[in-house]
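One-based numbering, in listed order, for ligands and for the atoms of each. Sequence positions, counted from 1, serve as the residue numbers for this chain.
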Amino acid sequence: MQDLSWWKHAVVYQIYPRSFQDSNDDGIGDLNGICNRLDYLVELGIDAIWISPIYPSPMADFGYDVADYCGIDPIFGTMEDFDRLLEEVHRRRLRLILDFVPNHTSDQHPWFVESRTSRENPKRDWYVWRDQPNNWQSHFGGSAWEFDKETAQYYLHEFLKEQPDLNWRNPAVKSAMFEALRFWLRKGVDGFRVDVMWLMIKDDQFRDNPPNPGYALGQGSRAQFLPVYDADRPEIHALVAEMRGVLEEFGDRVLIGEIYLPVPRLMDYYGQHLGGANLPFNFQLLQCAWTADELARTISGYMAALPDGAWPNWVLGNHDKSRIASRIGLLKARAAAILLLSLPGTLTIYNGEELGMQDVPIRPEEVQDPAEKRQPGIGMGRDPERTPMPWDSSPPGGFTSGIPWLPIGDVNLAVNVQSSKEEPDSMLSLYRRLLRLRREETALVWGRLTDVSSTNDVLQFLRSGTDERFVFVMNLAEERRQVVIGSGKIVASTSLRREGESVSGAIGLEPAEALIVKVGL
Ligand code: GLC
């Protein structure tokens, strides 16, 4: 363990800053709010926090439209607040990872304001301007091209028209953006989660995407075409390697890439000689069906595909996807927590997952997310998983004294931090025990993962360190199952009363029960 980089044995905790803790009663979370809750995170037992964007932004996409890469939006606080937060994070021996949004800026960014003034402007080529659009579609629906009357050309926006895409083929863009990275690295930030890394470079001939034969009505407009020419282009890997080089200038920092691609293509983002992203985000558990067969296939498929020496990572949820407790149900989400904490590599927990937070139903008049506003009613909205953290049982959940920007939701008030802390069998208590176990039993982090199997809806695998072995089992059948795993002691369980139990021979598992058993060598 000692020789592992800090991020290899880290559990990262994603904070969606608007929804974590408000400190000035405007109903929106902020940096001082995060600072006030750091001790909660220490008690939870995580190692690093990743904060979704906090830069100045018109908030068309809630911070993923950046107007200044080296500032702090007043909604979140000031640069002094940030510096204090970083200091407090480090004082507690935690790490701080920022979100970096390189694919696009806000249309209010001074670079774009200049770029759109004339075709001759020196910043013109910092963005992607064309006389004619092609068939590329925005991730938020509709054409990815916007006609700009002033200069009679179209600009590219893979997301909102308020988020014009940067032209990363222009060396000036590259060096300006790398300087922004250095600005934060110099302050001591421990790494970056890079937004939509696989989209940064597009086809230089702007070829049309081919039609998607699997397209069905009711899917977003982007699904009409296969993303052959506006995503995952071969040139991306040299660029990611250069970005990694910038982080390397500062020593042991981490580069995490947000990448939604099939596993073989995802693996390319580790780069030649592992010189790419340290961690191309592994979203397999966000996307696969929650059956023992599918999980066994997913886990062994991912592990087998890892390039030599590449470090695995796992994610159950984020601010763009329905919460795990809503996707698979609360009971199975407890088992999912044990599964996550049993897997090798770096783990990421999305804020609220540790409480068992669920998606909150959002009434049409409460909708905030542009993805829902642009393509309503087809499940594109991300507000349900972005609702505020419930810290106590009061109506605004201790999140704010003002009016929360999204509803707290009764379903989540019921699992608030205060009452969950007192309840030994709560999801929060389970997460705390699991995180403690992972710290004590480091073989769970770096030990070998073998013997992945699925039998009669029971998922099972083995983790082996130098001197320890752990068996993970999870029953996904609707009824009780028996498994034989040899003799040992239960060190983690979905039902608290089983922890510490000695087992040998056949053991029974209730539906949605999961266990980690430390077995003899
Ligand atoms: C990423 C972010 C998402 C955002 C999009 C555009 O997918 O996670 O929230 O809307 O990029 O920046």
Side-chain angles (χ1 to χ4, degrees), residues 12 14-20 29 50-69 73 97-109 112 127-128 136-142 144 146 156-166 168 177 180 192-202 220 222-223 227 230-232 236 256-261 266 269 277 279-283 286-287 315-323 348-353 359 367-375 379-387 405-406:
V12 179
Q14 180 192 356
I15 292 181
Y16 193 69
R18 294 180 72 85
S19 294
F20 196 63
W50 146 38
I51 312 181
S52 287
I54 47 177
Y55 314 108
S57 164
M59 302 289 165
D61 188 19
F62 296 112
Y64 284 97
D65 47 324
V66 178
D68 172 5
Y69 287 95
D73 194 282
I97 297 167
L98 286 184
D99 214 308
F100 186 59
V101 190
N103 179 69
H104 44 267
T105 69
S106 159
D107 63 347
Q108 303 302 307
H109 195 295
F112 188 71
Y127 293 83
V128 185
W136 298 352
Q137 298 287 304
S138 149
H139 289 249
F140 291 149
E146 179 71 11
L156 179 67
H157 58 90
E158 285 280 331
F159 292 88
L160 297 174
K161 68 176 169 36
E162 293 81 6
Q163 294 168 293
D165 279 40
L166 280 165
W168 275 86
M177 290 296 275
F192 293 95
R193 171 268 190 192
V194 177
D195 193 61
V196 298
M197 185 181 261
W198 84 112
L199 299 181
M200 289 172 62
I201 292 254
K202 287 90 187 167
R222 188 169 165 86
D230 63 346
D232 193 31
I236 184 65
I256 306 175
E258 184 206 20
I259 299 151
Y260 286 93
L261 283 175
L266 175 70
Y269 284 75
L279 300 171
F281 256 146
N282 166 16
F283 294 134
L286 268 171
Q287 293 165 321
V315 177
L316 290 178
N318 63 35
H319 64 295
D320 294 327
K321 302 286 170 198
S322 176
R323 284 188 177 272
T348 305
I349 296 173
Y350 175 47
N351 62 198
E353 222 159 74
D359 293 346
V367 170
Q368 301 278 345
D369 184 14
E372 176 67 20
K373 287 185 178 165
R374 288 186 47 82
Q375 302 192 97
M380 292 294 187
R382 300 166 298 177
D383 294 326
E385 62 264 23
R386 295 178 175 181
T387 61
W405 76 289
L406 279 174

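Residues that satisfy the side-chain contact (heavy atoms from CB on, under 4.5 Å) test with Leu266, not counting sequence neighbours, are Ile259, Pro280, Tyr302. Under the side-chain hydrogen bond (donor to acceptor under 3.5 Å, both in side chains) criterion, Asp195 pairs with Arg193, not counting sequence neighbours. Remark: Asp320 engages Arg382, Arg386 in a salt bridge (charged side-chain N to carboxylate O under 4.0 Å, His left out) (not counting sequence neighbours).
Glu158 and Asn103 share no side-chain donor-acceptor pair at under 3.5 Å.
Sorted by chain and number, the residues within 4.0 Å of ligand 1 by heavy atom are Asp61, Tyr64, His104, Phe140, Phe159, Arg193, Asp195, Val196, Glu258, His319, Asp320, Arg382, Arg386.
The one candidate from Phe20, Phe192, Phe281, Phe100 that meets the ring-ring contact (aromatic ring centres under 6.0 Å, His included) condition with Trp50 is Phe281.
Between His139 and Trp198, the ring-plane angle classifies as perpendicular under the 30° and 60° cut-offs.
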